[in-house]
Amino acid sequence: MDARQATLALLAARAEDATVCPSEVARVVAAATGAWRDAMPEVHAAVDVLVSEGVVRLSWKGRGLARRAGPYRIGRGGD
């Protein structure tokens with residue numbers, strides 16, 4: 001599963017206002033190898049595209065982020 005699909009699948013499986021950690025997405029992407037850290041660049045790139053499309057939003061400690069920088073959580077976009 002690629003990072004975009006994994007992000008959307010994890011969000012779909014959670015409550016509407018829930019978020020996921022990028023490392024959770026990486027663990028899904030790297031399930032076969034277990035090398036989730038190696039998948040992080042793919043996850044970050046996919047998240048950047050999803051943010052630009054308005055599909056997801058980013059936050060950290062309850063505060064919205066306009067772009068990915070430092071630690072972040074991924075939530076559903078919209079509204």
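Numbers here are sequence positions counted from 1. Basis for what follows: all heavy atoms, side chains included, without hydrogens, waters or symmetry-related copies. Given the structure is predicted, the values throughout are model-derived calculations rather than measurements.
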Original post:
Can you list the residues that meet the side chain to side chain donor-acceptor pair (under 3.5 Å) rule with Asp48, with sequence neighbours excluded?
Top reply: Arg68
**OP:** Taking side-chain contact (heavy atoms from CB on, under 4.5 Å) as the test, write out the residues that go with Ala15, two or more places apart.
**Re:** Asp17, Ala18
Subject >> Minimum-distance pair of heavy atoms, taken over all atoms of Met40 and Ala26 >> reply: SD-CB, 3.4 Å
Subject >> Heavy-atom pair with the smallest gap, counting every atom of Thr7 and Ala3 >> reply: OG1-O, 2.8 Å
Subject >> Non-hydrogen atoms of Arg14 and Arg76 that approach each other most closely >> reply: O-NH2, 3.3 Å
Original post:
Is it the case that more than 12 heavy atoms not belonging to Glu16 sit under 6.0 Å from its CD atom?
Top reply: no
Subject >> Linked hydrophobic residues, Ile74 as query - side chain contacts closer than 4.5 Å >> reply: Met1, Leu8, Leu10, Leu11, Val20, Val25, Val28, Val29, Val43, Val47, Leu50, Val51, Val55, Val56, Leu58, Trp60, Leu65, Tyr72
Original post:
Got Arg57 and Thr19 here, is their nearest side-chain heavy-atom distance under 4.5 Å?
Top reply: yes
Original post:
Taking Glu24 for the side chain and Cys21 for the main chain, is one N or O donor matched with an acceptor at less than 3.5 Å?
Top reply: yes
